[in-house]
Amino acid sequence: MERSPGGLAARSAAATAAVPAAGHRALTRFQMWGIGLLSAGHFLLDGYLGFLPALWPLLIEKYSLSLTEVGLVATMMPLLLFPTQPLFGAADDRGHGRILLLVGPLMCAIGLCSIGVAPSLWAFVAFVLVGRIGNAMYHPVSARLVTASIESRAGL
């Protein structure tokens, strides 16, 4: 077997890379756009939640929070995702995916963008709750849609 760059091994590797594996079809432009939009939505929704820790010093001052209260609210946020996400997955299985895909990001954006105008700690917690539930609505539906759109290319 030849070991030069243009040898048999290099041509074999190039031929293997150019031909999709058996059973794999190339994704259409529509599928790639769909995956891209769902990924961008996921990035933005999780980004909303990611900016909250940077706001804690301002929120502590605005609401005169103790570190215990900050810890309770910070602990509450991820815990809200776990019990609600399977419920939204069940709603998606029953055919309500389109509603969840539209309402979820809207709730997340409105809830988390409203925390700056919350008049009290409880209003702040309610806005975080609305935003977190909106985030939980999006995840099961988007996971199903990406899986359905890539068909047999699960590694993508």
Side-chain angles (χ1 to χ4, degrees), residues 17-156:
V19 177
H24 293 289
R25 293 187 334 211
L27 295 178
T28 65
R29 187 173 290 217
F30 179 75
Q31 289 170 318
M32 291 302 287
W33 271 101
I35 291 169
L37 287 173
L38 290 168
S39 298
H42 188 250
F43 174 77
L44 290 172
L45 288 177
D46 286 350
Y48 274 118
L49 297 170
F51 76 83
L52 190 60
L55 297 176
W56 279 122
L58 298 171
L59 296 169
I60 288 170
E61 185 178 323
K62 180 177 181 177
Y63 299 118
S64 302
L65 298 176
S66 69
L67 292 179
T68 303
E69 292 167 326
V70 171
L72 287 173
V73 174
T75 302
M76 175 197 67
M77 285 185 47
L79 292 178
L80 290 173
L81 182 67
F82 302 123
T84 57
Q85 198 165 344
L87 298 174
F88 294 126
D92 180 38
D93 290 342
R94 288 186 172 78
H96 303 293
R98 286 186 182 196
I99 294 169
L100 296 174
L101 195 62
L102 296 173
V103 172
L106 188 63
M107 280 179 62
C108 185
I110 290 172
L112 293 174
C113 288
S114 299
I115 62 174
V117 296
S120 68
L121 176 62
W122 292 110
F124 166 76
V125 170
F127 286 140
V128 169
L129 178 69
V130 167
R132 192 62 174 163
I133 289 174
N135 186 288
M137 283 181 177
Y138 183 80
H139 283 84
V141 181
S142 64
R144 178 186 55 82
L145 289 173
V146 167
T147 302
S149 69
I150 60 174
E151 298 167 351
S152 64
R153 304 239 1 232
L156 181 66

Let me have the donor-acceptor pairs involving side chains of residues 106-114, under 3.5 Å, with sequence neighbours excluded, atom names and distances please.
| residue | atom | partner | partner atom | Å |
| --- | --- | --- | --- | --- |
| Ser114 | OG | Ile110 | O | 2.5 |

N/O donor-acceptor pairs under 3.5 Å from side chains in residues 64-75, not counting sequence neighbours:
| residue | atom | partner | partner atom | Å |
| --- | --- | --- | --- | --- |
| Ser66 | OG | Thr68 | N | 3.4 |
| Ser66 | OG | Glu69 | N | 3.2 |
| Glu69 | OE1 | Ser66 | N | 2.9 |
| Thr75 | OG1 | Gly71 | O | 2.7 |

Sequence neighbours left out, cut at 3.5 Å: what donor-acceptor pairs do the side chains of residues 79-91 make with other protein atoms?
| residue | atom | partner | partner atom | Å |
| --- | --- | --- | --- | --- |
| Thr84 | OG1 | Leu80 | O | 2.6 |
| Thr84 | OG1 | Leu81 | O | 3.4 |

| query | Would Asp46 and His139 count as a side-chain contact (heavy atoms from CB on, under 4.5 Å) if you check the C-alpha gap in whole Å, the side-chain angles of each, and the deciding distance to 0.1 Å? | reply | CA-CA 10 Å; Asp46 286 350; His139 283 84; 3.5 Å; yes

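For Tyr138 against Leu101, the heavy-atom pair with the smallest separation is CE1-CD1, 3.4 Å.
In this structure, His96 and Val103 have side chains that are not in contact, with every pair of non-hydrogen atoms separated by 4.5 Å or more.
Every ring pair (Phe, Tyr, Trp, His ring centres under 6.0 Å) that Phe124 has, sequence neighbours left out, goes to Trp56, Tyr63. Ser120 meets the side-chain hydrogen bond (donor to acceptor under 3.5 Å, both in side chains) test with no other residue; sequence neighbours excluded.
From Leu38, atom CG reaches atom NE2 of His42 across 10.0 Å, with rounding to the nearest 0.5 Å.
Pairs passing the salt bridge (Lys or Arg N to Asp or Glu O under 4.0 Å) check and including a residue from residues 73-94, sequence neighbours excluded, read Asp92-Arg144.
Phe43 CZ: 12 or fewer foreign heavy atoms inside a 6.0 Å radius.
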